[in-house]
K.L.:
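Here it is, the structure, as structure tokens.
The analysis underlying the following values was restricted to heavy atoms, covering all of them including side chains, and did not include hydrogens, waters or symmetry mates.
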Amino acid sequence: MGKLPSNFWNNCSDDVQFRVNLGVNKGFRCMVDSSFVNEINKRRTFAIISHPDAGKTTLTEKLLLFSGAIQIAGSVKARKATRHATSDWMEIEKQRGISVASSVMQMEYQDKIINLLDTPGHQDFSEDTYRVLTAVDSALMVIDAANGVEPQTLRLIEVCKARQIPIMTFVNKMDREVQEPLVIMDEIESTLGMPCVPFTWPVGMGKNFHGIYNVRNQCMRVFKPGQDRRSDQDELLSHANHDALIQRFGSEYETAAQEIELIQAAAPDFNRQQFLAAQQSPLFFGSAVNNFGVQEVLDALIEIAPHPASCQAIQRVVHPTEDKLTGVVFKIQANMDPAHRDRIAFVRLLSGEFKPGMKFKVQRTGKDFRPTSVVTFLSNRRDRVENAYAGDIIGLTTHGGLQLGDSLTEGENLQFTGLPFFAPELFNVVELRDPMRSKQLQKGLTELGQEGAIQVFKPFLGSDMLLGAVGQLQFEVVQARLESEYGVKVRLAPSRFTCARWVSSDKPAELKRFIDANQNRMVTDAADTQAFLATSRFDLEVMEKRWPDIRFHPMREHAGLLLSSK
């Protein structure tokens, strides 16, 4: 065991300090080798969230640029652009300039390992975003300075608050004519229900945007429009030259200085423990498309963002410093490499260290699983994993055997929960144009259903598969992916059903009687969980009253675990 360095405790999270001091927790051995604990301390795993078009994917691209992971940033808008955002790797994402699937990117910056997850902003893909938020330790929220807090952002904030995920806030597009920063700050605070602590503050806006003032370092970074490359030529000016700054930047700097003085008097000081408890949000301003204000965000991420935390399993609390590896499958993606038609299970490691050749026990099935290859990501670019630690996201190549929400261990029976599936309210019937492609259709729908791109239902009666979605755009994406990835052209016809509910009962005989009486409206999903389809809300209410011993669930977790009855 290595000797702990003199500054070791200063760099440790409270959880790591507790585990190292305790040494043993209820019979489970804690690794206290300094190199192992330092590796865990290096990890920062966070998601970027926002309403569509707030600049989330652009900021993701610029964080990659400033960390040195890429040298040239791509475009997320131009349909005919020769470069596209690194996180937008699907063909439909490149064509439409939107993110339709979460992307995972790992990068190294100042000796820290950053696992960055770029989520779809569009509400039609909210399920994917909700599942990603179960795999991160913090979130970076992007706000359009002109529009403020928008509807999809509100939904994501509620998810973060429910899970007590710390939130950092980046107010984007300050190079445009936008709302006053004090107004934006007040709106964000009201929405979050917690105070914001400005780390940077804008000097002017739009055509008179002169830069940002670093409140902590008391210096100003002078605005210079950037494009696709990082510049090391930024001009930094000390606040000590106050009169010279007013003379150079006029009333915009004077107003900014007054606002900074006001917020320093009224706003609380930054308290990292309150931030980690989701009771404060550090606030940043900038223009991601111009590479401006990004450096300050990246520096703050590695300084204050949380280390990997302990996780509650059904059986017990699992700590990141335990020597046995545990993890959860939070995302599955088919056909990331079109040349190999592979299937990748994204796993968040919760404890221990991964080494090549390891095998896992899949808790859902009780079977052992030994992946053929294990990789980390820069979007769809992959690197083979030599070592990975708690907090990292790794990809397991699989041709089956893993589902969303699967818990993986080295043998211990541990079940992690919290991965949601919501009952869809839009349904389409799949009609195959070429009957000779039925096998390819079956394969495509099975894989896309297991991936969570859409919910696929197999009727008890009849052969036509039914697709269920949260939003209409999901149908368009699945239709496009079936054609491009599986060579299957389909027509999607509207269905008479408008809502689905998974069903259960404490009385097996009564559940069987219900299913037998409603076989024409019963389906099974990708997890072989039984669901009932209703034609309207009124129809559903009638069935609930008629069958009081049947529970109708609007949400389930993996492997058929049903939640939120009636």
K.L.:
Give me the atom names and distance for the closest heavy-atom approach of K56 to V142.
P.N.:
CA-CG2, 4.1 Å

K.L.:
On a heavy-atom basis, which atom in A500 and which in A423 lie closest, and how many Å separate them?
P.N.:
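What the structure gives for the nearest pair is O-CB, 3.1 Å.
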
K.L.:
Under 3.5 Å, side chain of E39 to main-chain N/O of A388, donor-acceptor pair present?
P.N.:
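It does not hold such a pair.
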
K.L.:
Do the charged groups of R43 and D392 touch, with an N to O distance under 4.0 Å?
P.N.:
yes

K.L.:
Where the side chain of T153 meets the backbone of H51, is there a donor-acceptor pair that is under 3.5 Å apart?
P.N.:
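Flag set: sc T153 to bb H51 pair under 3.5 Å.
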
K.L.:
Evaluate the side-chain proximity of L482 to L448: yes if any heavy-atom separation is below 4.5 Å, no if none is.
P.N.:
yes

K.L.:
What's the separation between atom CG in L414 and atom OG1 in T326, rounded to the nearest 0.5 Å?
P.N.:
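Between L414 CG and T326 OG1, I get 7.0 Å after rounding to 0.5 Å.
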
K.L.:
Is there a side-chain contact between P371 and F360 in this structure, where contact means two heavy atoms from C-beta onward sitting under 4.5 Å apart?
P.N.:
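A side-chain contact exists here, since the closest heavy-atom pair is under 4.5 Å.
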
K.L.:
Heavy atoms, side chains only, cut-off 4.5 Å: are D137 and R348 in contact?
P.N.:
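Of all side-chain heavy-atom pairs linking R348 with D137, at least one is under 4.5 Å.
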
K.L.:
At what distance, to the nearest 0.5 angstrom, does CE of M105 lie from CG of L64?
P.N.:
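Between atom CE of M105 and atom CG of L64 there are 5.5 Å.
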
K.L.:
For the residue pair V347 and V328, establish whether any side-chain heavy-atom pair is separated by less than 4.5 Å.
P.N.:
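Sidechains of V328 and V347: no contact.
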
K.L.:
Quick check: does any side chain N or O of T498 sit under 3.5 Å from a backbone N or O of E425, one acting as donor and the other as acceptor?
P.N.:
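Checking the backbone N and O of E425 against the side chain of T498, no donor-acceptor pair under 3.5 Å is found.
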
K.L.:
Of I393, L404, V136, which is the lone residue that meets side-chain contact (heavy atoms from CB on, under 4.5 Å) with F330?
P.N.:
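So, applying the side-chain contact (heavy atoms from CB on, under 4.5 Å) to F330 and each of I393, L404, V136, only I393 qualifies.
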
K.L.:
Can you name the closest pair of heavy atoms from P424 and F457 and give their distance?
P.N.:
CG-CE1, 3.8 Å

K.L.:
Once you round to the nearest 0.5 Å, how far does CG of L492 lie from CG of L466?
P.N.:
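Spacing of CG (L492) from CG (L466) equals 10.5 Å.
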
K.L.:
Does the pair D434 and K489 meet the rule for a salt bridge (Lys or Arg N to Asp or Glu O under 4.0 Å), with working shown?
P.N.:
CA-CA 7 Å; D434 182 358; K489 293 184 178 182; over 6 Å; no

K.L.:
I'd like to check the ring-ring contact (aromatic ring centres under 6.0 Å, His included) partners of F514; sequence neighbours left out, ordered by chain and number.
P.N.:
F532, W547, F552

K.L.:
Return yes if some donor-acceptor pair links the side-chain N/O of Q450 with the main-chain N/O of E447 below 3.5 Å, else return no.
P.N.:
no

K.L.:
With side chains defined as the heavy atoms from C-beta onward, is the minimum distance between R551 and S505 less than 4.5 Å?
P.N.:
no

K.L.:
Which heavy-atom pair separates S310 from V317 by the least distance, and what is that distance?
P.N.:
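Shortest heavy-atom separation between S310 and V317 comes out as CB-CG1, 3.8 Å.
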
K.L.:
Would you say the side chains of Q415 and Q315 form a donor-acceptor pair under 3.5 Å?
P.N.:
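Looking only at side-chain atoms, Q315 and Q415 do not form any donor-acceptor pair under 3.5 Å.
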
K.L.:
Count the heavy atoms belonging to other residues, nucleotides or ligands that lie under 6.0 Å from NZ of K361, then report whether that count exceeds 12.
P.N.:
yes

K.L.:
Answer whether the closest heavy-atom distance between the side chains of L59 and N172 falls below 4.5 Å.
P.N.:
no

K.L.:
Would you confirm whether K324, through its side chain, and G352, through its main-chain N or O, come within 3.5 Å as a donor-acceptor pair?
P.N.:
no

K.L.:
Between the side chain of E150 and the main-chain N/O of S50, is any donor-acceptor distance below 3.5 Å?
P.N.:
no

K.L.:
Do the numbers put R556 on top of the ring of F421, so that NZ or CZ is under 6.0 Å from the six-membered ring centre and no more than 45° off the axis?
P.N.:
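Yes, R556 and F421 form such a contact.
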
K.L.:
Go through the steps for S138 and M168 under the test side chain to side chain contact (heavy atoms under 4.5 Å, CB included), then give the verdict.
P.N.:
CA-CA 8 Å; S138 62; M168 297 171 59; 5.8 Å; no

K.L.:
Is it true that a side-chain atom of E353 and a backbone atom of N387 form a donor plus acceptor pair closer than 3.5 Å?
P.N.:
no

K.L.:
Could you tell me whether a side-chain N or O of S281 sits under 3.5 Å from a main-chain N or O of I167, the two making a donor and an acceptor?
P.N.:
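It does hold such a pair.
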
K.L.:
Please determine whether side chain to side chain contact (heavy atoms under 4.5 Å, CB included) holds for the pair T134 and R163, giving the CA-CA distance in whole Å, both sets of side-chain angles, and the decisive distance to 0.1 Å.
P.N.:
CA-CA 8 Å; T134 67; R163 299 187 61 84; 3.7 Å; yes

K.L.:
Quick one: pull up OG1 in T409 and CG in L350 and give me the separation to the nearest 0.5 Å.
P.N.:
11.0 Å

K.L.:
Checking side chain to side chain contact (heavy atoms under 4.5 Å, CB included) for the pair I40/T321: CA distance, chi angles, key distance, verdict?
P.N.:
CA-CA 8 Å; I40 293 176; T321 48; 3.9 Å; yes

K.L.:
Are more than 12 heavy atoms from other residues, nucleotides or ligands located less than 6.0 Å from atom CD of Q164?
P.N.:
no

K.L.:
Within this structure, what is the CD1-CG distance for the pair I165 and L276, rounded to the nearest 0.5 Å?
P.N.:
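I165 atom CD1 to L276 atom CG measures 13.0 Å (nearest 0.5 Å).
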
K.L.:
Within the structure provided, determine whether L445 and M465 are in side-chain contact (heavy-atom separation under 4.5 Å).
P.N.:
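They are in side-chain contact.
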
K.L.:
Anything under 30° is parallel, anything over 60° is perpendicular, the rest tilted; go ahead and classify F497 against F427.
P.N.:
perpendicular

K.L.:
Main chain of F416, side chain of S407: is a donor-acceptor contact present, judged purely on distance under 3.5 Å?
P.N.:
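Yes.
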
K.L.:
Where do T372 and R384 come nearest, in terms of heavy atoms and distance?
P.N.:
O-NH1, 4.5 Å

K.L.:
For the residue pair Y389 and L349, establish whether any side-chain heavy-atom pair is separated by less than 4.5 Å.
P.N.:
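No; the side chains remain at least 4.5 Å from each other.
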
K.L.:
Please report the shortest heavy-atom distance between R491 and L432, naming the atom on each side.
P.N.:
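Shortest heavy-atom separation between R491 and L432 comes out as NH2-O, 4.4 Å.
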
K.L.:
May I ask you to check whether T397 and S373 show a side-chain donor-acceptor distance below 3.5 Å?
P.N.:
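Distance-only check passes for T397 and S373.
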
K.L.:
Please test V503 against L511 for side chain to side chain contact (heavy atoms under 4.5 Å, CB included), starting from the C-alpha separation and ending with a verdict.
P.N.:
CA-CA 8 Å; V503 292; L511 179 61; 4.1 Å; yes

K.L.:
Calculate, to the nearest 0.5 Å, the distance between atoms CG and CD1 belonging to L325 and I394 respectively.
P.N.:
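If I round to the nearest 0.5 Å, the distance is 6.5 Å.
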
K.L.:
Hey, is R316 close enough to E322 for a salt bridge, meaning N to O under 4.0 Å?
P.N.:
yes

K.L.:
Is there a donor-acceptor contact under 3.5 Å from the side chain of Q333 to the main chain of I344?
P.N.:
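No: the side chain of Q333 does not pair with the backbone of I344.
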
